[in-house]
Amino acid sequence: MTTATIGGIGKFDGQEVTIQGWLYNLREAGKLLFPQFRDGTGVIQGVVVKKETPEVFETVKHLTQETSMRVTGKVRADARAPGGYEMQVTGVEVLQRIPPEDPYPITHKEHGPDFLLERRHLWIRTPRQNAILRIRHEVIRAVRDCLDGEGFILVDTPIFTPAACEGTTTLFECDYFDEGKAYLTQSGQLYNEATSAALGKTYCFGPTFRAEKSKTRRHLTEFWMVEPEMSYAGIDDVMDLCERFVSFIVGRVLERRAADLATLGRDLSKLQTVLTPFPRISYDDAVAILKRKGSAIEWGGDFGNADETLLGEEFDRPVMVHRYPAAIKAFYMQPDADRPELALGVDVLAPEGYGEIIGGGQRIHDYDLLMSRIKEHGLPPEAFAWYLDLRKYGSVPHAGFGMGIERVVSWICGLEHLREAIAFPRMLYRIYP
RNA sequence: UCCUCAGUAGCUCAAUGGUAGAGCAUUCGGCUGUUAACCGAAGGGUUGUAGGUUCGAAUCCUACCUGAGGAGCCA
């Protein structure tokens, strides 16, 4: 007997196959049963007619939601079935029937976020969560394909680090044998600067940790970030890469995951406009736009979430805001040659209120300038000795950025909350399951 | 860390100082094309915890616990 996946069931129209999955739902209509099966690739409706297969009818009639089973039957196209195909069930092999005294907790009705998050290990079985996780997979594949295709080399950076990368944000601390404290990385960027000087163009891609007590739908304490870095590059190279990168990713999801976007009810017209070039506006221009739109922002201040939403809704694709006041950016940002009070940093803001998805820019390549910035920020120079070495031995202008995967997935999927963009979200008051 | 809101059946919610209820889920019965199927019945409660006010508290007050949304900070 041929084993088939539900997602590819169309290839077996008219044939008898076996599928391996779980009971998603069971509808009854007298002497007819309509069990629905899922296997992670899709959902298919089965039909059981009592007078044709009485033994199968009696077995299926008493099955409970999420019972694991192998099902055999003849596949045929049927417009009445959700998904377009139906299976005339001729045999079932039940692996584990869930007992009615302790039924599967997640029903087809509404549930609250607390209930679902406590059962995230089960929640991910639902079609909507399946679709999000498949899109996340596609985003990650596109990230790799795009950067690999552009000649970047993946060089992963450490997760245990000896000190703060940027000195300001709160870090997760742990004991590291006799070496004292270690911290979970909040960015691979400083190491990327070393690897890009070794290999030209590199990127790292892995989990990142922030111990800030942020409690919003835009924050996780553990999230995944991809960070490309380029030697012999400046802020314009970063912006060029950003727009190619983001449009490539969105294009890939539209091309390969249309069915999943449909499951989510995503408005595709909001994604189809994400094509190069992206608008590029200076921080000065952004402040002017915000003031016109009624924001209380003053020049020199950083954008709040409301400001990012206001800027994002000005455009039909992500907008790149560049040249921020140096005072509100990280210590390693290269100053603008024409206006030293500005840093050559760029943020990419997604439309529809999704806010910042990318932050990056050009790094300081001059030893003395970097040393003075480290001291100005009250950071210990000895901890940055290796980082300063990069400016002693063949320093070149270099630039890069970091992109938060969950924020991009959240935007592409049109999610209400970042927590659905990762299988097991880590948040301020939640570390289970 | 601060501000706001919410905790009632397994789940989603109602009951606004006077006998704790509905839908779904579960079990049983009915229905030969269901689309979160539908119809009928049954079981299911220390109203987050601890105090207080009152003849009487799910409801009012205080503290605590848990969660959510937002601010700040950031991807």
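A note on names: the letters A, B, ... follow the listed sequences, proteins ahead of strands, and every chain is numbered from 1. The shown structure was predicted, so the numbers you read here are calculated from the model rather than taken from an experiment.
Under the rule for a side-chain hydrogen bond (donor to acceptor under 3.5 Å, both in side chains), A/R27 has no partner lying at least two apart in sequence or in another chain.
At a non-hydrogen distance threshold of 4.0 Å, A/N25, A/R27, A/E28, A/A29, A/G30, A/K31, A/L32, A/F34 from residues 5-34 of chain A come into contact with RNA chain B.
Under 3.5 Å, the side chains of A/E229 and A/Q189 contain no donor-acceptor pair of N or O atoms. Between the side chains of A/S282 and A/D285, at least one donor N or O sits under 3.5 Å from an acceptor N or O.
A/L220 has its CG atom 19 Å from the P atom of B/C73, to the nearest Å. Nucleotide B/C74 holds its P atom 9 Å from the CD1 atom of A/I328, rounded to whole Å.
At the heavy-atom level, A/K50 lies nowhere under 4.0 Å from the strands shown. A/Y104 comes within 4.0 angstrom of nothing in the nucleic acid, heavy atoms only. Using a 4.0 Å heavy-atom cutoff across all strands shown, A/P100 reaches sugar-phosphate atoms only and no base atom. Across all strands, A/M225 comes closer than 4.0 Å only to sugar-phosphate atoms, never to a base (heavy-atom distances). Using a 4.0 Å heavy-atom cutoff across all strands shown, A/F115 reaches sugar-phosphate atoms only and no base atom. Across all strands, A/D102 comes closer than 4.0 Å to no nucleic acid atom at all (heavy-atom distances). Within the 4.0 angstrom heavy-atom criterion, no nucleotide atom of any strand lies near A/R119. Across all strands, A/Q45 comes closer than 4.0 Å to base atoms (heavy-atom distances).
A cation-pi arrangement is present between A/R120 and A/W123 under the rule of less than 6.0 angstrom and at most 45 degrees off the ring axis.
If you take atom P in B/C64 and the same atom in B/A57, they sit 24 Å apart, rounded to whole Å.
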Taking only Watson-Crick and G-U wobble pairs with both distances under 3.5 Å, what dot-bracket line describes RNA chain B, where [ ] shows pairs that cross earlier ones and | shows pairs with another strand?
(((((((..((((....[..)))).(((((.......))))).....(((((..]....))))))))))))....

